[in-house]
**Q** 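Below you will find the structure I want to go over with you.
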2 protein chains.
Amino acid sequence: MSIATLNAAALAQRLADSGLRATPQREIVYDMLLKKRDHPTADEVFARVKAARPTISLATVYNCLQTLVSCDLVRAVNFERGPTRYCPNLRPHAHFHDEKSGQTHDIDLPPRLLEKVRSVLPRGFAAKSVEITFHGQARHASR
Amino acid sequence: MSIATLNAAALAQRLADSGLRATPQREIVYDMLLKKRDHPTADEVFARVKAARPTISLATVYNCLQTLVSCDLVRAVNFERGPTRYCPNLRPHAHFHDEKSGQTHDIDLPPRLLEKVRSVLPRGFAAKSVEITFHGQARHASR
DNA sequence: GCCTTTCTTTAGAATAGTTCTAATTACTAC
DNA sequence: GTAGTAATTAGAACTATTCTAAAGAAAGGC
């Protein structure tokens, strides 16, 4: 069984859990995110998917991305008011946004640190999620 | 000397440092941010300023806010793709975004914690800034 | 297997927030 | 005062995204 098939099965399961259907569009969008994990925008995903399935529409790409986010298979990432970027990395991690190159890097977060960060919240604040973003410059242009 | 006068003087100084002029528009926009620190959007600032100076334009409010941000007197805060919010709190702090009420709360960050967070960056990553955002619900609706 | 219902996709219009443009107005320095 | 620069203004333009309405695909009941 290929990796793609495995992913497709996992995707179908997650979708079913939310009462949604597995469709070719959802599968291909998810596959593209897994294949090149460079935090693409919806437009970039659209371009990549279109190469393999020219009839797909931008609206569908937006729909699929939203669906994947709502199934917790993909994270939506925002820097300032730039276009939303999509990230299939599900481990707890922060993002490093390189202001020169525009590239985004995942930075793994040790669970203990996340706990420490959460612990600064005063009584009465219940956080569902914590987002940590670095802005700066990375020495190595690629990754 | 009143507080507003002090602020105006501080603002004028900061602007001069950047080779910019102190204008009534910049002063009033800054004053409004200091007066009600509820992380208003540009539109909200526009409405508040307009009450005191009806001839101001939305474009000017955007210009002034950008100027204040570039002078490091104000921080721009973004949640997902919502409108940018503005915050005159210059101490290092995180933001708690209450998903129910839409309110934003400042959460002070101990310098040691910020250091710890920065220390997760691998060699080669030079962060100019770190942003920490909590999403969830706060017990007390007001603040 | 057909029919109904529900879900999904699609193209294009619409929207929100922000920035741009070009003209006017206000300062500042000489 | 005049020249040169900076700031403001109204409205157009722009970008990323969502909405709308119609068409297409899949699933369940019988």
**Q** Distance check needed: C:dT18 P versus A:F79 CZ, whole Å only.
**A** 18 Å
**Q** Report the distance from atom CG of B:L58 to atom P of D:dA12, rounded to the nearest whole Å.
**A**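 About 14 Å, once rounded to whole Å.
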**Q** Would you check if the distance from the ring center of B:F125 to the ring center of A:H105 is below 6.0 Å?
**A**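 Centroid separation for B:F125 and A:H105: below 6.0 Å.
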**Q** Is the phosphate of C:dT18 approached by B:Q66 (side-chain N or O, under 4.0 Å from OP1 or OP2)?
**A**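 So the side-chain polar atoms of B:Q66 never come under 4.0 Å of the phosphate oxygens OP1 or OP2 of C:dT18.
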**Q** So which atom in B:I28 and which in B:R53 form the shortest heavy-atom distance, rounded to 0.1 Å?
**A**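 It is CD1-CB, 4.1 Å.
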**Q** Whole angstrom is fine here: how far is it from OH in A:Y86 over to C1' in D:dT17?
**A**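 Checked: the OH to C1' distance equals 9 Å.
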**Q** Inspect the contact between B:D72 and B:R14 and indicate whether a charged nitrogen and a carboxylate oxygen are less than 4.0 angstrom apart.
**A** no
**Q** Closer than 4.0 Å, any side-chain N/O of B:T84 to the OP1 or OP2 of C:dT18?
**A** yes
**Q** Heavy-atom distance under 4.5 Å between the side chains of A:E131 and B:E131, does that happen here?
**A** no
**Q** Taking atom P of C:dT8 as reference, at what distance in whole Å does atom CG of A:L11 sit?
**A**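 Spelled out: CG on A:L11 to P on C:dT8 is 12 Å.
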**Q** Measure CZ/B:F46 against C1'/C:dG17 and give the value in whole Å, please.
**A**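 So the CZ-C1' distance, B:F46 to C:dG17, works out to 14 Å.
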**Q** For the pair made of OH in B:Y62 and C1' in D:dG11, what is the distance, rounded to whole Å?
**A**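 The distance from OH of B:Y62 to C1' of D:dG11 comes to 15 Å, rounded to the nearest Å.
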**Q** Using side-chain hydrogen bond (donor to acceptor under 3.5 Å, both in side chains) as the criterion, point out the one residue from B:D106, B:N78, B:T104 that pairs with B:H95.
**A**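 Of the listed options, the one satisfying the test is B:D106.
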**Q** Rounded to the Å, how far apart are B:E27 CD and C:dA26 C1'?
**A** 14 Å
**Q** Is A:R48 paired with A:D38 through a side-chain N to carboxylate O contact shorter than 4.0 Å?
**A** yes
**Q** Under 3.5 Å, which protein N or O atoms sit close to an N or O of nucleotides 5-8 of chain D? Give each pair with its distance.
**A**
unit_1	atom_1	unit_2	atom_2	d
D:dA6	O4'	B:R21	NH1	3.3
D:dA6	O4'	B:R21	NH2	3.1
D:dA7	OP1	B:R21	N	2.9
D:dA7	OP1	B:R26	NH1	2.8
D:dT8	OP1	B:T23	OG1	2.7
D:dT8	OP1	B:Q25	OE1	3.3
D:dT8	O3'	B:Q25	NE2	3.1

